[in-house]
There are 2 protein chains.
Amino acid sequence: MRPTMKDVAAEAGVALKTVSRVVNNEPGVNAATAERVRAAIERLGYSRNESARVLRQGRTSSIGLVIEDVGDPFYSGVSRAVEEVAIKHGSLVLSGSSGEEPAREKELVLTFCTRRVDGLIVVPAGSDHSYLRAELDAGTPAVFVDRPAGPGLDVDTVLCDNAGGARLAVEHLLARGHRRVAFLGDSPAIYTASERERGYREALGDLVDERLISMAQPSLDGARAVLDRMLGMDDPPTALFTGNGRCTVTALRALEGQRIALIGFDDFELADLLNPGVSVVAQDPAGLGRVAAELLFRRIAGDVGPVERITQPVRLVARGSGEIGPTGMPTG
Amino acid sequence: MRPTMKDVAAEAGVALKTVSRVVNNEPGVNAATAERVRAAIERLGYSRNESARVLRQGRTSSIGLVIEDVGDPFYSGVSRAVEEVAIKHGSLVLSGSSGEEPAREKELVLTFCTRRVDGLIVVPAGSDHSYLRAELDAGTPAVFVDRPAGPGLDVDTVLCDNAGGARLAVEHLLARGHRRVAFLGDSPAIYTASERERGYREALGDLVDERLISMAQPSLDGARAVLDRMLGMDDPPTALFTGNGRCTVTALRALEGQRIALIGFDDFELADLLNPGVSVVAQDPAGLGRVAAELLFRRIAGDVGPVERITQPVRLVARGSGEIGPTGMPTG
DNA sequence: GTGAAAGCGCTAACAG
DNA sequence: CTGTTAGCGCTTTCAC
């Protein structure tokens, strides 16, 4: 169907290998011959079959990316950055969403391996990654992003400072006079959620009140019930710290305009347009993706240095909601 | 390095082909033999090299997806849906962002073709797709999404009703008494932008005033200047129609709370949380992606019916900003 | 400079 | 039920 190198060789009246040389810009081909080959390629509309090249060379020039959900702005930011770096290295990206299901994560990773990707970038959904051991041993490097690999797997990891960010947020609220700070986080099974909870507890110290902590998948009704209960207490929270972007948005909807200090983990588009603007602890998804991808390509290129564990800083972006005082009035 | 079928065959004491049969679940293998092979596979940690299979079968079980930017929520929605459908068909997705650059689009498409993807889904950035002719002729089906292919290329296309949606928005404003409706759209070189402009003009008819139309890349300062100019006129607009999600957000920022009726094309997260809620013409990115992918897989499966041009409906979501009257007061 | 031959790991086609 | 042979399209090796 499609013309092959053999066809081009016949058309140009040269040997197969000469075509290969021209296609790969290898030196040692007479300029006139090369020109004849190029003409034949043009005439036949030849394009190299990468599958055959891959089979022979063992390098696919592609990497696998497993994230939680491309539809989520945080992960699509990571995605975009990874793609960018991959292009720069002449590599393509095979990507898939795990939807927070460990089985799906495993399936995607193994499928990518079966395609012999040169490397893997994984936002893990599960906590058992023993299935990766064989692939790592076979020489496929992997970098974990946003969450660490399960126990027993020593692998490059790029995280952001979850606990530190949470401390930052809570300290910001404490400095403005709050003593009753509630926490709405995602399921503690998720690494980032439990790390942020840890930072929250560390910052609050003796002020921790278990009744002000709720860790669960954020549904609107659920959040509403939780907030109603908390705000109905004798000593209700005067501030709220939400554990990720989805929690923040859910909480904002559930609050229905009730005025309470709020800081959310994760920045989101339009946070500045709400009234008051939503103060957040901002991560840098693009930075996360870029650093992870660059590390991966270093490994692919043969870097066998010790396992790296990189923590990216986060920063607090004050927009108003986090600067409301315990009495409901804005503070410095 | 990695074990091959040959290794497994040796380990199990059978012929290569028997291993192949077991790996592919082909019938006609003695249960005991199959078990022996499976044990060998397990022992050696064998996983099939998909590259070799691809080379032999000519099917890569992968499709290429070219969008404008994975980081954009609209396109990541499309992406997610495509991925979903692909998984269902046992296919992987190679994806890349064109960043609205025709050269990048072409490069991505051709790279995917060189990898022999089974099919292509393309959100075109450019308007010349003659480079695709050879690939289509070679039997690689393609579906264009969101925007049609350039002239001369008869190919399956899934669009949404851009002009109809724009009409819907403008008529909604007209019905509430507006006579001065401005339009802030993206560059008219982009198909969706010019289609929406067309719908806007059709709905307004004689009320069109060229001074109320601005079509350009939406920068914040640019939007601010345009809006200042328009709102400073003797007969300023009382309503604004924005041509896509980015334009809407930019306009909202530029307006800085100035109260004017507004309807935007494209829905966006948190539109309901702003005050007033932002009325929009909502597309269905997931639907767009799903329909396109399903059509593509029908083609890959051999459907050679006539070229399809599918238009997806849009719907108006009233949230408040589009229901402000010419005097600035809410209307029914 | 150029070319012939071998083989990457697998599946298709046929033979036993 | 099992095995043998050929060959997908390319790169590698070595010979001319």
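The sequence lines fix the lettering, A, B, ..., with proteins before strands; numbering per chain opens at 1. Side chains are part of it too, since the values below use all heavy atoms of this structure and drop only hydrogens, waters and symmetry mates.
- Considering only side-chain atoms of A:R21, the nucleotide from C:dG9, C:dG3, C:dC10 that sits closest is C:dG3.
- Classification of A:E100 and A:R147 as a salt-bridged pair holds, one side-chain N sitting under 4.0 Å from a carboxylate O.
- In this structure, CZ of A:R36 is placed 12 Å from C1' of C:dG1, rounded to the nearest angstrom.
- In this entry the distance linking CZ of B:R53 with C1' of C:dC10 reads 9 Å, nearest Å.
- If you check every strand for non-hydrogen atoms under 4.0 Å, B:V14 touches sugar and phosphate atoms only.
- Remark: P of C:dG9 and CZ of A:R59 are 16 Å apart, rounded to the nearest angstrom.
- Look at CG on B:N49: it is 13 Å from C1' on C:dT11, rounded to the nearest Å.
- At C:dT11, one or more side-chain N or O atoms of B:S20 fall inside 4.0 Å of OP1 or OP2 (strictly under the cut-off).
- For C:dT11, one of the phosphate oxygens OP1 or OP2 lies less than 4.0 angstrom from a side-chain nitrogen or oxygen of B:R48.
- Taking for each of B:A15 and A:V23 the nucleotide of DNA chain D with the nearest heavy atom, the 5'-most of the two is the partner of B:A15.
- Checked by atom type, the side-chain pair A:T60/A:D118 shows a donor-acceptor distance below 3.5 Å.
- Taking 4.0 Å as the cut-off between side-chain N and carboxylate O, A:R104 and A:E107 do not count as a salt-bridged pair.
- Atom pair B:K17:NZ and C:dC10:C1' shows a separation of 9 Å (rounding to whole Å applied).
- Across the interface with DNA chain D, nearest-nucleotide mapping of B:G13 and B:A52 shows B:G13 to be the residue nearer the 5′ end.
- Atom P of nucleotide C:dA13 and atom CG of B:L16 are separated by 16 Å, given to the nearest angstrom.
- Side-chain atoms of A:N162 and A:Y191 form no donor-acceptor pair, as typed in the model, at a separation below 3.5 Å.
- Backbone-only engagement by A:T33 is indicated by non-hydrogen atom pairs under 4.0 Å involving sugar-phosphate atoms exclusively.
- Side-chain atoms of A:N24 and A:R48 include a donor-acceptor pair closer than 3.5 Å.
- Note on A:R133 versus A:E135: no salt bridge recorded, every NZ/NE/NH1/NH2 to OD/OE distance being 4.0 Å or above.
- Put simply, chain A comes within 4.0 Å of DNA chain D, heavy atom to any atom, from D:dG9 to D:dT13, going 5' to 3'.
- Rounded to an integer number of Å, the gap from NZ of A:K6 to C1' of C:dA4 is 13 Å.
- In this structure, the CD atom of B:E26 is 12 Å from the C1' atom of C:dA13, given to the nearest Å.
- Screening B:V85, B:V158, B:V145 against B:V291 for a side chain to side chain contact (heavy atoms under 4.5 Å, CB included) leaves a single residue, B:V158.
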